[in-house]
Amino acid sequence: MSITITAFERSPDGGQGLARDTRVRWALEEVGQAYTVRLVSFQALKEPAHLALHPFGQIPTYEEGDLVLFETGAIVFHVAQRYPGLLPTDANARARAITWMFAALSTVEPPILELGIARIADGDKPWSKERLPLVQGRVRDRLKPLVSRLSAADWLDGAFSAGDLMMVSVLLRLRPSGILAEFPSLAAYVARGEARPAYKRAFDAQLAVNTRPAE
Ligand code: GTB
């Protein structure tokens with residue numbers, strides 16, 4: 001069955017791969033499934049045709065036959081369940097890999113998103129300078145348990161899994177802040193993720209979209 005995902009017509013990051021379609025592209029590349037990308041403008045995100053796929057009017061979405069999904073976590077989980085390559089076959093190892101997906105999205109990503117808001121969206125507020133170190137401190141505290149886990153291991157739990165795909169994707173969003181570089185074992189972990197051929201294909205595909213000449 002053919003797979004179609006949505007992505008920004010032009011991502012605000014200019015092709016750094018930080019928009020969430022990259023996570024879905026990466027998952028599909030890891031499991032070797034071909035996919036089509038429908039590019040959507042910011043305006044089209046809030047129009048009825050797109051809202052029928054995504055109630056919050058965002059990217060990415062995922063269509064496969066009758067199935068329509070939104071939320072990157074749900075999409076990557078679905079891809080990992082349906083196609084081999086992203087989850088171990090052993091039931092307990094599989095459950096642990098899924099746990100790491102949730103940990104990435106619900107424990108590690110929230111303070112990182114908050115940091116993005118503090119640095120950029122709230123950067124001009126009078127209280128911003130005072131608040132920023134607090135938010136940076138919360139991010140660093142969240143990273144410490146990952147450092148102990150990844151200083152002697154390539155991946156979070158045995159072989160690379162959907163848990164690593166999600167954790168690397170989440171940590172990548174830290175790079176512009178400079179905090180990732182403060183944790184060499186995490187920077188090396190992210191670099192291992194980025195070195196995977198499937199990641200490179202996903203990254204290059206989104207880069208091509210975001211650097212093509214304007215029509
Ligand atoms: N929880 C949802 C998921 O995981 O799928 C969140 C989806 C989401 O935030 N989508 C964003 C979106 O569609 C794009 S990825 N925003 C438009 C809107 O809400 O109207 C977030 C994103 C955007 C831009 C950058 N960047 O430029 O660096 C990074 C990440």
Side-chain angles (χ1 to χ4, degrees), residues 3-30 35 37-64 67-82 86 98-124 135 139 142 162-181 190 193-194 199 202-212 214:
I3 295 170
T4 302
I5 68 168
T6 50
F8 284 138
E9 198 173 63
R10 285 278 172 191
S11 174
D13 74 357
Q16 289 179 64
L18 299 178
R20 289 172 192 235
D21 58 291
T22 304
R23 304 174 186 193
V24 174
R25 292 172 186 268
W26 186 8
L28 288 165
E29 294 288 351
E30 289 283 352
Y35 59 98
V37 183
R38 191 167 58 248
L39 300 176
V40 191
S41 66
F42 274 96
Q43 188 191 328
L45 285 178
K46 309 301 175 197
E47 287 172 358
H50 189 77
L51 288 171
L53 306 177
H54 195 312
F56 301 105
Q58 297 183 314
I59 61 101
T61 57
Y62 178 97
E63 294 158 73
E64 184 179 22
L67 178 67
V68 178
L69 296 174
F70 61 95
E71 281 300 328
T72 321
I75 296 169
V76 171
F77 185 41
H78 165 77
V79 169
Q81 294 267 50
R82 179 159 292 192
L86 276 171
I98 294 165
T99 301
W100 280 113
M101 286 185 65
F102 278 87
L105 292 174
S106 56
T107 300
V108 179
E109 189 163 48
I112 292 176
L113 295 180
E114 194 54 45
L115 177 62
I117 294 168
R119 286 178 67 236
I120 296 159
D122 293 343
D124 59 348
V135 182
V139 171
R142 253 320 121 76
D164 294 295
L165 184 152
M166 208 54 93
M167 192 65 81
V168 167
S169 302
V170 162
L171 294 178
L172 265 169
R173 290 198 65 170
L174 259 188
R175 191 178 271 150
S177 74
I179 291 184
L180 185 61
V190 168
E194 291 176 297
Y199 178 83
F203 182 89
D204 289 349
Q206 66 75 36
L207 184 65
V209 167
N210 287 299
T211 52
R212 74 197 192 290

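As the structure lists them, so they are numbered: ligands from 1, and atoms in each ligand from 1.
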- Task: Measure across Phe8 and Leu39 and return the closest heavy-atom pair with its distance rounded to 0.1 Å.
- Result: O-CD2, 3.7 Å
- For atom 18 (C) of ligand 1, which protein heavy atom lies nearest, and how many Å away is it? Lys46 NZ, 3.5 Å
- Pro176 to ligand 1, any heavy atom closer than 4.0 Å: no
- Query: Mind checking whether His54 and Phe70 have parallel, tilted or perpendicular rings, split at 30° and 60°?
  - Reply: tilted
- Query: Touching ligand 1 at all, Arg23? Heavy atoms, strictly under 4.0 Å?
  - Reply: no
- To the nearest 0.1 Å, how far is atom 5 (O) of ligand 1 from its closest protein heavy atom, and which atom is that? Thr72 OG1, 2.6 Å
- Message: Checking the side chain of Arg142 only, and the main-chain atoms of Val139 only, is there a donor and an acceptor separated by less than 3.5 Å?
- Response: no
- Query: Quick one: nearest non-hydrogen protein atom to atom 15 (S) of ligand 1, plus distance?
  - Reply: Arg20 N, 3.4 Å
- Query: So which protein heavy atom does atom 7 (C) of ligand 1 come closest to, and at what separation?
  - Reply: Gln58 OE1, 3.3 Å
- Query: Side chain, backbone, both or neither: which part of Leu45 comes within less than 4.0 Å of ligand 1 when only heavy atoms are counted?
  - Reply: side chain
- Per-atom contacts, ligand 1 versus Arg173 - under 4.0 Å to a heavy atom: 29 (C), 30 (C)
- Distance-only, no hydrogens or angles: does the Thr22 side chain make a donor-acceptor pair with backbone N or O of Leu18 under 3.5 Å? no
- Message: Under 4.0 Å, counting heavy atoms only: does Gln16 come that close to any atom of ligand 1?
- Response: no
- Which pair of non-hydrogen atoms, one from Arg20 and one from Ile59, has the smallest distance, and what is that distance? N-CD1, 4.4 Å
- Query: Between the side chain of Asp13 and the main-chain N/O of Gly17, is any donor-acceptor distance below 3.5 Å?
  - Reply: yes
- With no hydrogens and no angle check, is any side-chain donor or acceptor of Gln206 less than 3.5 Å from a backbone partner on Phe203? yes
- Message: Which residue and atom name correspond to the protein heavy atom nearest atom 1 (N) of ligand 1, and how close is it?
- Response: Glu71 OE1, 2.8 Å
- Message: Check this for me - ligand 1, Ile59, N or O atoms closer than 3.5 angstrom, yes or no?
- Response: yes
- atom 27 (O) of ligand 1: the protein heavy-atom neighbour that sits closest, reported with distance to 0.1 Å: Asp13 N, 3.0 Å
- Query: Does ligand 1 have an atom under 4.0 Å from some heavy atom of Phe8?
  - Reply: yes
